[in-house]
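First comes the structure, then the notes that go with it.
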Amino acid sequence: MTADKSTAGAVQMLYCPKCGAQRFVPQGRKKLQCQQCEFQFFRNAACAVAVAIICDEEILVVTRAREPAKGQLDLPGGFVDPGENLEQAVIRELKEELDIEVSDMRYLMSGVNVYPYGGVIYDTTDVFFEVTYQNKPTVKALDDVAAVNWLPMQTLTLAQFAFASQREMLSRCYAL
């Protein structure tokens, strides 16, 4: 698959991945079709998880170590891997990013987002969970996390967070 940047900043697929013809054209926002072999490629949303970790009126936030939104606040989490359910993704991501293990989590809501990375703008469906602790667990900033902080909920502002879906969730679920 050869890709080329379009004027909109997103990557455009020019060649059909099935027959190789340079007749691969958009059919609306989410589908591309080859005009030679009629192969159809669907651009579906990627699934991601994020976790609000709560202890004594404080929330654990991470600072992003990489683009997009390097240096901004984020909730721990990440993309769901193929063959993985949402809960497995939460468990894996928290271990990878913070070196903590969880078993009990509560679904909060889902939201839509965009994630620009490497010249491609990914549409995502972000699924939010909450994990509550009676005592703060020992955490480490690992993987793509630059720093970890426990912040009082009442001191947070939505503008501090990197992604629109997280701002929406924090507003709806925690009245920020």
Side-chain angles (χ1 to χ4, degrees), residues 1 3 5-6 8-13 17 24-33 39-54 59-98 100-132 139 142-146 148 151 153 156-176:
M1 253 185 291
K5 286 190 180 183
S6 72
V11 170
Q12 180 183 19
M13 294 175 64
F24 210 41
V25 296
Q27 305 287 312
R29 183 169 183 247
K30 69 176 239 172
K31 183 172 92 171
L32 297 148
Q33 184 166 352
F39 173 76
Q40 295 178 344
F41 178 83
F42 291 90
R43 191 176 152 267
N44 296 311
C47 190
V49 295
V51 185
I53 300 175
I54 309 294
I59 186 169
L60 185 144
V61 296
V62 300
T63 303
R64 295 184 58 79
R66 299 185 188 134
E67 294 297 344
K70 181 179 178 178
Q72 289 187 276
L73 292 187
D74 198 0
L75 296 174
F79 287 99
V80 178
D81 286 346
E84 190 174 59
N85 67 37
L86 298 173
E87 294 80 6
Q88 290 168 330
V90 166
I91 291 166
R92 177 185 50 76
E93 286 289 344
L94 293 181
K95 184 68 174 166
E96 287 176 3
E97 292 187 354
L98 303 173
I100 60 174
E101 295 184 16
V102 298
S103 56
D104 291 332
M105 62 193 82
R106 180 174 72 95
Y107 169 80
L108 294 174
M109 64 174 275
S110 63
V112 296
N113 200 31
V114 293
Y115 190 88
Y117 183 78
V120 177
I121 298 172
Y122 295 92
D123 288 296
T124 66
T125 299
D126 296 344
V127 183
F128 296 97
F129 290 87
E130 180 184 78
V131 171
T132 304
V139 295
L142 303 171
D143 195 28
D144 55 357
V145 173
V148 179
L151 299 177
M153 292 288 273
L156 295 178
T157 62
L158 296 177
Q160 296 172 283
F161 285 84
F163 301 108
S165 61
Q166 291 184 10
R167 292 189 297 269
E168 178 187 3
M169 183 280 293
L170 290 165
S171 174
R172 287 178 57 192
C173 296
Y174 298 101
L176 291 186

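Proximity of Glu130 to Met105: side-chain heavy atoms (C-beta onward) are nowhere separated by under 4.5 Å. A 4.5 Å side-chain heavy-atom check between Lys30 and Asn44 finds at least one atom pair inside the cut-off. In this structure, Tyr174 and Met153 have side chains that are in contact, with non-hydrogen atoms separated by less than 4.5 Å. Thr124 places none of its side-chain heavy atoms less than 4.5 Å from the side chain of Cys47. Inter-residue side-chain proximity for Ile53 and Val61 is flagged as unmet; no heavy-atom pair is nearer than 4.5 Å. In this structure the side chain of Val148 never reaches within 4.5 angstrom of the side chain of Thr63, judged on heavy atoms. Side-chain contact check for Leu73 versus Leu151: some heavy-atom pair is nearer than 4.5 Å. Counting heavy atoms from C-beta outward, Val102 and Glu93 have side chains that stay 4.5 Å or more apart.
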Evaluate the criterion side-chain contact (heavy atoms from CB on, under 4.5 Å) for residue pair Leu170 and Leu158; output intermediate values, then yes/no.
CA-CA 7 Å; Leu170 290 165; Leu158 296 177; 3.7 Å; yes
side-chain contact (heavy atoms from CB on, under 4.5 Å) for Ile54 and Leu60? Distances and angles first, verdict last.
CA-CA 7 Å; Ile54 309 294; Leu60 185 144; over 6 Å; no
Take Met109 and Val127 through the test side-chain contact (heavy atoms from CB on, under 4.5 Å) and record every step on the way to the result.
CA-CA 6 Å; Met109 64 174 275; Val127 183; over 6 Å; no
Walk me through it: do Leu108 and Met169 pass the test side-chain contact (heavy atoms from CB on, under 4.5 Å)?
CA-CA 8 Å; Leu108 294 174; Met169 183 280 293; 3.9 Å; yes
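For the residue pair Pro17 and Phe24, the shortest heavy atom distance occurs at CD-CZ, 3.6 Å. Heavy-atom minimum distance, Gly111 versus Ser165: C-CB, 4.4 Å. The two residues Ala159 and Gln72 make their nearest non-hydrogen contact at O-NE2, 4.5 Å. The two residues Ala162 and Ala69 have their closest heavy-atom pair at CB-CB, 3.4 Å. A pairwise comparison of heavy atoms in Ala46 and Phe79 identifies CB-CE2, 3.8 Å as the closest pair. Across Arg29 and Asp123, no two heavy atoms sit closer than the pair NH2-OD1, 2.9 Å.
Between the side chain of Arg106 and the backbone N or O of Phe129 there is no donor-acceptor pair closer than 3.5 Å. Between the side chain of Gln88 and the backbone N or O of Asn85 there is at least one donor-acceptor pair closer than 3.5 Å.
Evaluation of the ring pair (Phe, Tyr, Trp, His ring centres under 6.0 Å) rule for Phe163 yields Tyr115 as partners, not counting sequence neighbours.
The only option from Leu75, Val139, Asp144, Asp74 that meets the side chain to side chain contact (heavy atoms under 4.5 Å, CB included) definition with Val62 turns out to be Asp74. Tested against Arg92, the residues Glu97, Glu87, Glu84 include a single side chain to side chain contact (heavy atoms under 4.5 Å, CB included) partner, Glu84.
Within a 6.0 Å radius of NZ in Lys31, other residues, nucleotides and ligands contribute more than 12 heavy atoms. By the neighbour-count criterion of 12 heavy atoms within 6.0 Å, atom NZ of Lys70 is sparsely surrounded, having that number or fewer from other residues, nucleotides or ligands. Surrounding CZ of Phe42 are more than 12 heavy atoms belonging to other residues, nucleotides or ligands, all under 6.0 Å away.
Side-chain contact check for Glu168 and Ser171: no donor-acceptor pair (N or O, by modelled atom type) lies under 3.5 Å.
Remark: Ile100 CD1 to Leu94 CG distance equals 5.0 Å, nearest 0.5 Å.
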